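Accompanying notes for the structure given below.
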Amino acid sequence: MQYPIVIAVTVWLSGYVDSRKIRGISLAYRRFYKEKPSFLCIDGSKLIPFTQVNDDYCDCLDGSDEPGTAACSNGRFYCTNLGFRPYYIASSRVNDGVCDCCDTSDEYNSQTRCNNTCRKLGQKERAEVENQIRSMNEGLHLKRQLIKDGINMWQEKQNQLKDLKMASERLQRKLETQRKAKQKADTDKDTLTGLQRLKALAVPRNPQAAATSPLSVFQALDANGDGSLTAEEVQAGVAILEDKTRSLTHAEAIDLLGGFGQVGFSGFQETLLWDRLRTGDGLEVKDGPKMKPHEPDSEAAVEAAVQAAEDATADLKKVEDALEMMKLEIRDLEEALSADYGADKEFMYLQSQCLELTVYEYTYTLCPFNQVTQRNSQGEQTIVLGKWRSWDGPPGNEHSKMKFDRGEPCWQGPTRSTLVTLTCGTETVLRSVKEPSKCQYVMELQTPAACQPLTPRRSVHSEL
Ligand code: MAN
């Protein structure tokens, strides 16, 4: 009985640690290392005597016979790390003088003195997770408000669009009316200025005639004002100077009208009738005094017609411009409403915002759903780093990234583009901008709208 005691004491005194003790394996793998006469490599490739497990010589291709030594280059050592999180390290790091497992288990046979830091690390990580959860919950709370805001904004825009469409229909009708009004005003003006031109061409031969004009004479004779002079109207309106009791016969009237039963104003000026009236050659207009008041009236009428045509043109232009503006507004609204603002329109509020961040000599401006720009510190130059393209997150999480492309071309490089990653936070803020490769920018935009309810994550040992 003395021998074993002596050996045990000797071993304890020399600080010998039995590396054959099964270390560096997780609970799930324990079953492979139950002491039996032989050990089957976990990949099933080889059967070896159990004494060769952890004998510091690598037998199994998968390194499974040496979980507790550095013998196998592909071996891995499981740190249990009670109080923190278990993890694997390469078995080459076992007893290498560096503390890798926070529970010190990897340096069981080295000179290095390791302190167990698992509890501290666990506490720190738990505090971080709690903080994250708190900020996530706060973010989710804010997100609910953003969803409400988004839906309201959406509804408001829909209403605006509806109102604008109705207003544009009204304006369209007004435009038609205005076009007709302008057409009429133009015709009136053309008619009256035409008449005036013709009047100016007619040269009077005597002072009495000089006081009249073909238009005023024509109007005086055109009793029914229909713009044409008939033989009957000539008979009724023209007096024979020699014998004012006698009226012109129908045949004489037709002769005076150049052989026609009736003439318009321009034809009238070519007739013998106008020539004789103009020169006072045996004929005069019976209702002479009426002729004078027509003169200023016609001048004023021409002026009024020119003014009315100008006004109608200006009014039409106003309606056309207003309609054009309205169409642009409708197009912008329709474009804004056609974008994807997230499953619950939680990103809608970003549509009307721009966020800025200055990094070194540049100030970056991100206008979600619109464009990204870069301005140098002197503010002389603003470069477009991309125009809104689409959401670009991975399938199932599309709304986690925004893509902006078609930016300004880069000297000896690609067209500028920007990828924005959205992260959860309690504020809406542009967190970072980087240019990992020339003219390709990446940004981080923090927003409550990106918060998602937490999915269960790897747990931290909570027993300590
Ligand atoms: C500007 C900026 C930079 C970019 C260079 C490329 O200086 O847009 O971000 O790298 O042009 O020439």
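Counting convention: from 1, in listed order, for ligands and their atoms alike. Here, residue 1 is the first one in the sequence, and each next residue gets the next number. A quick note: this is a predicted structure, and the numbers were derived from the prediction, not measured.
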Which residue owns the protein heavy atom closest to atom 2 (C) of ligand 1, what's the atom, and how far is it?
Gln374 OE1, 3.2 Å

Scan Glu380, Glu361, Glu356 and name whichever one has a salt bridge (Lys or Arg N to Asp or Glu O under 4.0 Å) with Arg375.
Glu356

Which residue and atom name correspond to the protein heavy atom nearest atom 3 (C) of ligand 1, and how close is it?
Tyr441 OH, 3.6 Å

May I ask you to check if ligand 1 and Tyr364 share an N or O to N or O distance below 3.5 Å?
no

For the rings on Tyr341 and Phe347, is their centre-to-centre separation under 6.0 Å?
no

Residue portion contacting ligand 1 (non-hydrogen atoms closer than 4.0 Å) for Arg416:
side chain

For ligand 1 and Tyr362, I'd like to know whether there is a polar contact (N/O to N/O, distance under 3.5 Å).
yes

When you measure from the heavy atoms of Glu408 to every atom of ligand 1, does any distance fall below 4.0 Å?
no

Show me which atoms of ligand 1 lie under 4.0 Å from any heavy atom of Cys439.
6 (C)

Under 2.5 Å between the SG atoms of Cys79 and Cys102: is that the case?
no

shortest atom 12 (O) of ligand 1-to-protein heavy-atom contact is with Lys438 CE, 3.8 Å

Can you find an N or O of Trp411 that's nearer than 3.5 Å to an N or O of ligand 1?
no

Residue pair Thr117 / Asn115, side-chain donor-acceptor N/O under 3.5 Å
no

Atom 10 (O) of ligand 1: closest protein heavy atom, distance to 0.1 Å, is Glu435 OE2, 2.6 Å

Please report the closest heavy-atom contact between Phe218 and Val263, naming both atoms and the distance.
CE1-O, 4.0 Å

Walk me through it: do Phe404 and Leu366 pass the test side chain to side chain contact (heavy atoms under 4.5 Å, CB included)?
CA-CA 10 Å; Phe404 296 79; Leu366 163 67; 3.7 Å; yes

So Lys157 and Met348, side chain to side chain contact (heavy atoms under 4.5 Å, CB included) or not? Walk me through it.
CA-CA 11 Å; Lys157 284 200 186 295; Met348 177 94 197; 3.9 Å; yes

